[in-house]
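Here's the structure we're looking at; comments come further down.
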Amino acid sequence: QVQLVESGGGLVQAGGSLRLSCAASRNIFSLNTMGWYRQAPGNERELVARFIPSISNTNYADSVKGRFTLSRDIAKNTVYLQMNSLKPEDKAVYYCRAKYIETDYWGQGTQVTVSS
């Protein structure tokens, strides 16, 4: 089992920045994937950014490419999502997600609100 603890959500004005953190109970490189999803009211949950340790590959949704950056602190078993130039349409609950041996694990979710 993998436990994920999220932090860093909050309220910012458009153009501002937030940094989300997700601390995992296992070494990141023991995981198949590690990343972030978000879900806004009335929308399906969508991929924001995902890191695949085995091939050191990071993917981003087109809507956040160039604004959001996924980074890692291996010693702390933690991944981060640096969100810059935030837009009102980025408002959502953001979920950390890990896949480990064919099983998905989710963080508790953290609210990101962006005002106009």
Side-chain angles (χ1 to χ4, degrees):
Q1 191 172 87
V2 180
Q3 296 170 245
L4 304 171
V5 180
E6 301 180 40
S7 62
L11 171 64
V12 297
Q13 292 195 337
S17 298
L18 284 173
R19 187 193 189 212
L20 307 182
S21 298
C22 177
S25 61
R26 299 184 66 91
N27 187 292
I28 289 173
F29 286 101
S30 73
L31 306 174
N32 299 98
T33 64
M34 185 84 170
W36 295 91
Y37 287 70
R38 68 185 181 186
Q39 188 166 22
N43 295 144
E44 296 182 351
R45 190 170 297 186
E46 64 175 347
L47 173 69
V48 177
R50 180 173 60 197
F51 174 65
I52 305 175
S54 63
I55 58 175
S56 297
N57 189 34
T58 303
N59 300 305
Y60 298 92
D62 288 341
S63 60
V64 308
K65 195 171 298 182
R67 299 188 297 121
F68 292 9
T69 302
L70 188 153
S71 61
R72 307 166 297 279
D73 188 331
I74 304 303
K76 295 181 178 180
N77 294 348
T78 299
V79 297
Y80 305 93
L81 186 68
Q82 179 67 45
M83 305 184 294
N84 297 326
S85 301
L86 283 161
K87 305 174 180 179
E89 50 263 45
D90 295 318
K91 179 182 178 181
V93 177
Y94 284 70
Y95 296 92
C96 181
R97 181 259 195 183
K99 188 171 186 177
Y100 178 62
I101 313 179
E102 303 298 321
T103 301
D104 290 331
Y105 299 90
W106 295 90
Q108 79 278 12
T110 184
Q111 177 71 52
V112 172
T113 301
V114 185
S115 62
S116 300

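Start at 1 with the first residue, then count along the sequence. Quick caveat, the model's predicted, so the values are computed rather than measured.
Looking only at distances, a side-chain donor or acceptor of N32 sits under 3.5 Å from a matching main-chain atom of I101. For E6 (side chain) and L20 (main-chain N/O), no donor-acceptor pair under 3.5 Å exists by modelled atom type.
The minimum heavy-atom distance linking G109 with V93 is given by the pair CA-CG1, 3.9 Å. The two atoms that bring A40 and A92 nearest to each other are N-CB, 3.8 Å, heavy atoms only. Contact record, L18 with L86: N-CD1, 3.9 Å, taken as the closest heavy-atom pair. Across all their heavy atoms, A98 and M34 have their closest contact at CB-SD, 3.7 Å.
The side-chain hydrogen bond (donor to acceptor under 3.5 Å, both in side chains) search around S30 returns R26, not counting sequence neighbours. Residues meeting the side-chain contact (heavy atoms from CB on, under 4.5 Å) test with N57, sequence neighbours left out: I55, N59. Partners of K87 according to the side-chain contact (heavy atoms from CB on, under 4.5 Å) rule, which considers only residues two or more places apart in sequence or in another chain, are R67, E89, D90.
With rounding to the nearest 0.5 angstrom, the CG atom of L70 is 11.0 Å from the CD atom of Q82. Taking OH of Y95 as the start and CD of Q39 as the end, the distance is 6.0 Å to the nearest 0.5 Å. Distance CG/L31 to CG/N27: 7.5 Å, rounded to 0.5 Å. Of the inter-residue distances, the one linking F68 atom CZ with T58 atom OG1 reads 15.0 Å to the nearest 0.5 angstrom. For the atom pair I28 CD1 and I74 CD1, the distance stands at 4.5 Å (nearest 0.5 Å).
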Could you give me the CA-CA distance, side-chain angles and deciding distance for V79 and F51, then say whether side chain to side chain contact (heavy atoms under 4.5 Å, CB included) is met? CA-CA 9 Å; V79 297; F51 174 65; 5.7 Å; no
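Within the structure, ring-ring contact (aromatic ring centres under 6.0 Å, His included) pairs that include any residue of residues 26-48 comprise Y37-W106 (at least two apart or interchain). Applying the disulfide (SG to SG under 2.5 Å) rule to pairs touching residues 13-77 yields C22-C96, sequence neighbours excluded. For the side chain to side chain donor-acceptor pair (under 3.5 Å) condition, the pairs that include at least one residue of residues 13-23, sequence neighbours left out, are S17-N84.
Using a 4.5 Å cut-off between side-chain heavy atoms of Ile, Leu, Val, Met, Phe, Trp and Tyr, with links allowed through other members, Y80 and V112 fall into different hydrophobic clusters. Hydrophobic clustering keeps L11 apart from M83 (ILVMFWY residues linked when any side-chain heavy atoms are closer than 4.5 Å, directly or through intermediates). One hydrophobic cluster, built from ILVMFWY side chains closer than 4.5 Å, cannot hold both Y100 and I52; they sit in different ones.
If you run salt bridge (charged side-chain N to carboxylate O under 4.0 Å, His left out) between D104 and each of R50, R45, R97, only R97 comes through.
At a threshold of 4.5 Å between non-hydrogen side-chain atoms, the residues L81 and R38 do not count as touching.
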